[in-house]
Peer 1: 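The structure is given below, and queries will be raised subsequently.
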Amino acid sequence: MSGERVKLLGNWASPSALRVKWTLKLKEIEYEYVEEDLPNKSPLLLKYNPVHKKIPVLVHGGKPIAESLVILEYLDETWKQNPILPEDPYERAQARFWAKFVDEKCAPGIMSAFTKKGEEKEKAAKEARENLKILESGLGEKQFFGGESIGFVDIAAGWIGIWARLVEEIAEVNLIDTVNLIDTETMPVLDTWFKRVLEVPIIKECLPPQDKLLEHNKGFHKMLTGGSRGSS
Amino acid sequence: METHSKKMAEVKLFRTWSSVFALRIVWALKLKDVQYDTIFEDLSNKSPLLLQYNPVHKKVPVLVHNGKSVAESLVILEYIEETWKQNPLLSEDPHERAVARFWAKFGDEKVLPSIWEACNSEGKEQEEGIVKAKENLKYLEEELKGKKFFGGEHIGFADIALGWLAEYKNVFEEVASMKVIAEDEFPLLSEWKRTFADAPIIKENWPPRDKLVTRYQAFRETNLLNKAPK
């Protein structure tokens, strides 16, 4: 079963696709990668994810699976080497809880800080910071959320270390005040964890080129905020 | 057996009488024949225990098993499934499991918000809301082709996650004078609703309908007021 062909439909700039890439690499699963041009979605993507029409989509033996966290669970259940979820049901529940928290609280908060302007932006950034602080509490004294090595939550949340910095840099471009999301003073544990995660070889190797990502997101920002008031 | 009694030792469920999310947990525990105590919460006056057990969200449901708490209903369902193996809610096949999780997520992220939105709007806004809700429901209708339940022959994870549709949707429709799931438009979904609602464990555990109507009527009135231009 696990010997059948694996295909990943993704996008180079997508954090959700990155989660799946990390997991595939961690488990040493061979796969074919299909880069989707999101303004111009392929018939294959529309066929494999008719409900959301989004990436990432994993296709295994011709059967598609959508939603990155669902894909991660599938990968863990199908390829048992280098597990990303612990064995204990309570520990698994904790991992699922925090991954959900990342998607339902942290991600929209960061997106909000990225897309809003002025006072609304400050408010969004404050809320994003609060949620990141809560995420930090889930780490406790551990090296990684997964314990001694990276696991489900590290993979689910790792992208924040990069994207939060992008938001800080880009949103700063248009404003007088800085918008720091991950403050080394108020969130030292989370900040250290981000640095540690991004140094893990398989994590580091899959990262998209930073300069390209910056330019790409600058473009997004312009589009979403209606451009800067002054020069670009 | 020692392990069995250890697992049964202490299970508590923090809930409210009306929460659809808590109801899922009741169904799952009863389907697996797990003994548990219920603690009803007054959300306007949350107990210190609830705040201790769910400090992040401060919401129900929360399952406490041998003193350790699990929050978020779909996370709790997975925990229950992994801890009490009888009457499994998920298939053994990883792909089918992924499909069940996908639909449970879809229910919470798309179906429920769209129906709730339609329930709490009026006029043109409601009409548009109903159109949106129906678009989401069409996917569920499609998924039911050739199946009795989302889980196949038996009630499964996705059925439990979507089960609120079998009763709450009727309540929402009454409260908001709207029709979202019509028999001719959604024959499979309509049949599923009946079959699900009729299953013994489900049937025995619906909150009182008139109470639900009153409650959601009040919500709707408040929400409409909040939307009105000031």
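Chain naming here is simple, since letters A, B, ... match the order of the sequence lines and numbering starts at 1 in each. Owing to the predicted nature of the structure, the values given are computational and were not obtained by experimental measurement.
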Peer 1: Non-hydrogen atoms of chain A under 4.5 Å away: do they reach the side chain of B:Lys68, the backbone, both or neither?
Peer 2: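 The answer is both parts of B:Lys68.
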Peer 1: Check each atom of B:Phe102 against the heavy atoms of chain A and say whether the ones under 4.5 Å are side chain, backbone, both or neither.
Peer 2: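 Both parts, heavy atoms under 4.5 Å.
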Peer 1: Would you indicate whether B:Gln126, at its atom CD, is surrounded by more than 12 heavy atoms from other residues, nucleotides or ligands within a distance under 6.0 Å?
Peer 2: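 Yes, the 6.0 Å shell around CD holds more than 12 heavy atoms from other groups.
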Peer 1: Near B:Tyr36 OH, under 6.0 Å, is it more than 12 heavy atoms from other residues, nucleotides or ligands?
Peer 2: yes
Peer 1: side-chain contact (heavy atoms from CB on, under 4.5 Å) with B:Thr195: which residues, sequence neighbours excluded?
Peer 2: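 Partners of B:Thr195 under the side-chain contact (heavy atoms from CB on, under 4.5 Å) test: B:Lys148, B:Phe149, B:Glu191.
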Peer 1: State, to 0.1 Å, how close B:Tyr139 and A:Pro50 come at their nearest heavy-atom pair, and which atoms those are.
Peer 2: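 Minimum heavy-atom contact is OH-O, 3.4 Å.
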Peer 1: Checking an interface table here. Which of residues 88-107 of chain A come within a heavy-atom distance under 4.5 Å of chain B?
Peer 2: A:Pro89, A:Tyr90, A:Arg92, A:Ala93, A:Gln94, A:Arg96, A:Phe97, A:Trp98, A:Lys100, A:Phe101, A:Glu104, A:Lys105
Peer 1: Around atom NZ of A:Lys47, are there more than 12 heavy atoms from other residues, nucleotides or ligands closer than 6.0 Å?
Peer 2: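 For A:Lys47, atom NZ is not crowded (no more than 12 foreign heavy atoms under 6.0 Å).
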Peer 1: Using modelled atom types and a 3.5 Å cut-off, is there a donor and acceptor pairing between side-chain atoms of B:His95 and backbone atoms of A:Pro64?
Peer 2: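 Here the side-chain-to-backbone pair exists.
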Peer 1: Quick check on B:Lys132: does its NZ atom have over 12 non-hydrogen neighbours (other residues, nucleotides or ligands) under 6.0 Å away?
Peer 2: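 No - once you tally the heavy atoms of other residues, nucleotides and ligands closer than 6.0 Å, there are 12 at most.
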Peer 1: Counting heavy-atom pairs under 4.5 Å to chain A, which of B:Glu81, B:Glu135, B:Lys105 comes out on top?
Peer 2: B:Lys105
Peer 1: Salt bridge (Lys or Arg N to Asp or Glu O under 4.0 Å) with A:Glu36: which residues, sequence neighbours excluded?
Peer 2: none
Peer 1: Measuring from B:Glu78:CD to A:Glu73:CD, what's the distance to the nearest 0.5 Å?
Peer 2: 5.5 Å
Peer 1: Are more than 12 heavy atoms, taken from residues, nucleotides or ligands other than A:Glu119, located less than 6.0 Å from that residue's CD atom?
Peer 2: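 Open: at most 12 neighbouring heavy atoms sit under 6.0 Å from CD of A:Glu119.
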Peer 1: For atom CD of A:Glu87, decide whether the heavy atoms of other residues, nucleotides or ligands shown that lie under 6.0 angstrom number more than 12.
Peer 2: no
Peer 1: Check each atom of B:Lys110 against the heavy atoms of chain A and say whether the ones under 4.5 Å are side chain, backbone, both or neither.
Peer 2: side chain
Peer 1: Are any of the side-chain nitrogens in A:Glu77 or B:Arg97 under 4.0 Å away from the carboxylate oxygens of its partner?
Peer 2: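 The answer is yes: the pair qualifies as a salt bridge.
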Peer 1: Using a 4.5 Å heavy-atom cutoff, which residues in residues 52-60 of chain B come close to chain A?
Peer 2: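 Answer by number: B:Val56, B:His57.
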Peer 1: Quick one: what part of B:Glu109 sits under 4.5 Å from any heavy atom of chain A, side chain, backbone, both or neither?
Peer 2: side chain
